[in-house]
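Positions are given from 1 along the sequence.
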Amino acid sequence: MTPADLSRTVLHAVRRAVDENALRAPVPARVRVERTRPGGSGDYACAVALQLAGPAELPALEVARILRERVAAEPGIGRVEITGPGFLSFTLDAPSDSDLAVLHAVREQGIAYGHGGALRDEILQFHHAREVRAAVTAHAVRRLLVSQGARVRITCDEAGDPEWSRLGVTVDAHGTPPVPLPRIRPVPAGATAGELLERLGADAVRWGLLRPAGHDRAPLGDDLLVQGEANPLFRVRYAHARARALTRGAAALGFTSEPGEPLEPVAHEGADLAASEGAAHATHAEPAPYESAHATHVEPAPYESAYAAHKGAEPLAHAAATPSPPPEPPARPLLDLLADHPGVLLAAARHRAPDRVARQLEAVAHAFFDFHDSCPPLPSGDEKPSAAHRSRLALAEAAGTVLAGGLSLLGISAPAHL
């Protein structure tokens, strides 16, 4: 059971309690569950009983008891406890099944993992000034909202800058709207799109404009082009490229993350080269420098066509299997981040905050490298591929898929080689 599944399960329990007249309160649009904080009880916690106590005119503890008996019998729920003034704490049944569900969802949905229909009933329109950061932010907000099912229209004070098209930005209309509209108002970039593109290239420009919160100044220095782990953009894209390299290296060694595949190495021409590529240490291997500021830039396709393409596309090849998740403790932070990814995307859409997606990608990349360094997905030396390698590879591939999907939402390319 994923966090999204648990949220739906609790919401279903609230509806049942209301339908059965055990609880007289409006059913909330959604129920938020969070990972239990250190020292807490269970895997997840929820404050819905406190939220409903007032409208129901009941003590929060009584509301929690009503909901507990309806949630506890649901598949995937091991134990439900009431803590504090009325918090519900959930222990999931067979945690490995929950992890499998996450990896299965990533495999099935590919780079669309985390997209959904929570906002499908919303029709929104936003307005922004003729300024590059406002334009890029509005476009990213639209991508996020569309990924959650909303329909969105973007307008601008004046006709858009022709250079915006190189950043994948489109404007539906311009001019003064007949009625006041919600405005996208980040701190201006202080430069034109053409100036930034000439110096940084589209990917670095979009990251530099979207990574800070809208109320913060956007740092747009040349450090966005540095190929080293101090540069968050490079680290995120390199983690994705690294995951793809692991898949190529595993194929050269004769195995995949698919359960049931033979694990004996298969020798063929080019295997040594591919295996050595897969075995290179992710954060210490020195990548080749950029040939120019635009050497690895790939123009992002307009989101509407890209979204339509990947919604109906086959999942990424490197996310093609879901074995049992790795049992090693270093896997836990990465698995948790992958499980939380749909919630992060929905929150970023609701709050019109693409910077949340960028921070999530940084966290996934960091956890990926920690996991990779502690639990190498590929065998080394005379070691033969094992079931453990297969499981680790599956998790690494899922991380790569999530990174590719998040970068796509930000309009940034995810090269397979860096």
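Contact annotation: the side chain of Arg242 approaches that of Phe368 to within less than 4.5 Å [non-hydrogen atoms, C-beta and beyond]. Looking only at side-chain heavy atoms (C-beta outward), Leu409 and Leu144 come within less than 4.5 Å of each other. At a threshold of 4.5 Å between non-hydrogen side-chain atoms, the residues Arg142 and Thr170 count as touching. The shortest side-chain heavy-atom distance between Arg120 and Gln148 does not fall under the 4.5 Å cut-off. A 4.5 Å side-chain heavy-atom check between Arg206 and Leu410 finds every atom pair outside the cut-off. Arg352 is listed as a side-chain neighbour of Leu124, based on a closest heavy-atom distance under 4.5 Å. Side-chain contact between Pro212 and Arg133 is present, with at least one heavy-atom pair separated by less than 4.5 Å. Side-chain contact between Val179 and Gln125 is absent, with no heavy atoms from C-beta onward closer than 4.5 Å.
The two residues Ala239 and Ala365 come nearest to each other via the heavy atoms CB-CB, 3.8 Å. In terms of heavy-atom proximity, Ala349 sits nearest to Leu119 at CB-CD1, 4.1 Å. Across Glu397 and Thr247, no two heavy atoms sit closer than the pair OE2-OG1, 2.8 Å. Smallest separation of non-hydrogen atoms from Ala347 and Arg356: CB-NH1, 3.6 Å. Of all non-hydrogen atoms in Ala189 and Leu209, the two that sit nearest each other are CB-CD2, 3.8 Å. Closest approach of Trp207 to Glu362, counting heavy atoms only: CZ2-OE2, 3.5 Å.
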Point to revise | Chi angles and distances behind the side chain to side chain donor-acceptor pair (under 3.5 Å) call for Arg143, Ser408 | key: CA-CA 9 Å; Arg143 290 173 178 235; Ser408 174; 5.0 Å; no
Check your understanding: Under the side chain to side chain contact (heavy atoms under 4.5 Å, CB included) criterion, do Leu338 and Leu395 qualify, and how do the steps go?
Key -> CA-CA 9 Å; Leu338 300 187; Leu395 178 53; 3.7 Å; yes
Exercise for review: Report the C-alpha separation of Leu6 and Ile77 in whole Å, then their side-chain angles, then the decisive distance to 0.1 Å, and conclude whether the side chain to side chain contact (heavy atoms under 4.5 Å, CB included) test is met.
Suggested key: CA-CA 9 Å; Leu6 178 57; Ile77 303 292; 3.6 Å; yes
Practice item. Check the pair Asp222, Leu200 against side chain to side chain contact (heavy atoms under 4.5 Å, CB included), reporting the backbone distance first and the verdict last. Key: CA-CA 7 Å; Asp222 292 343; Leu200 298 172; 4.1 Å; yes
Review point. What's the verdict on side chain to side chain contact (heavy atoms under 4.5 Å, CB included) for His417 and Arg244, showing C-alpha distance, side-chain angles and the deciding distance?
Key: CA-CA 8 Å; His417 300 268; Arg244 299 294 296 271; over 6 Å; no
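For the pair Glu198 (side chain) and Glu195 (backbone), a donor-acceptor distance under 3.5 Å is absent. A distance-only check finds a donor-acceptor pair linking the side chain of Ser165 to the backbone of Pro162 [under 3.5 Å]. For His372 (side chain) and Ala396 (main-chain N/O), no donor-acceptor pair under 3.5 Å exists by modelled atom type. Proximity of a side-chain donor or acceptor of Ser7 to a complementary backbone N or O of Val31 within less than 3.5 Å is detected.
The number of heavy-atom neighbours closer than 6.0 Å to CZ of Phe126, taken from other residues, nucleotides and ligands shown, is above 12. Heavy-atom contacts from other residues, nucleotides or ligands closer than 6.0 Å to CZ of Arg350 number more than 12. By the 6.0 Å contact criterion, CZ on Arg183 is enclosed, its count of non-hydrogen atoms from other residues, nucleotides or ligands being greater than 12. Within a 6.0 Å radius of CZ in Arg32, no more than 12 heavy atoms belonging to other residues, nucleotides or ligands are found.
Atom CG of Leu220 is separated from atom CZ of Arg199 by 6.5 Å, given to the nearest 0.5 angstrom. Rounded to the nearest 0.5 angstrom, Asp370 CG and Asp373 CG are separated by 7.0 Å. Atom CG of Leu167 and atom CG of Leu196 lie 8.0 Å apart (nearest 0.5 Å). Annotation: the span from Asp336 atom CG to Arg35 atom CZ amounts to 3.5 Å, rounded to 0.5 Å. If you take CG on Leu233 and CG on Asp203, they are separated by 7.0 Å, rounding to the nearest 0.5 Å. In this structure, Leu246 CG and Arg392 CZ are separated by 12.0 Å, a value rounded to the nearest 0.5 Å.
Using cut-offs of 30° and 60° for the angle between ring planes, the Tyr113 and His341 rings count as parallel.
Tested against His128 for a side chain to side chain contact (heavy atoms under 4.5 Å, CB included), the candidates Val171, Asp157, Thr155, Leu181 yield a single pass: Val171.
Checking Glu74 against Thr9 by side-chain atom types alone, no donor-acceptor pair falls below 3.5 Å. Side-chain atoms of Arg107 and His104 include a donor-acceptor pair closer than 3.5 Å.
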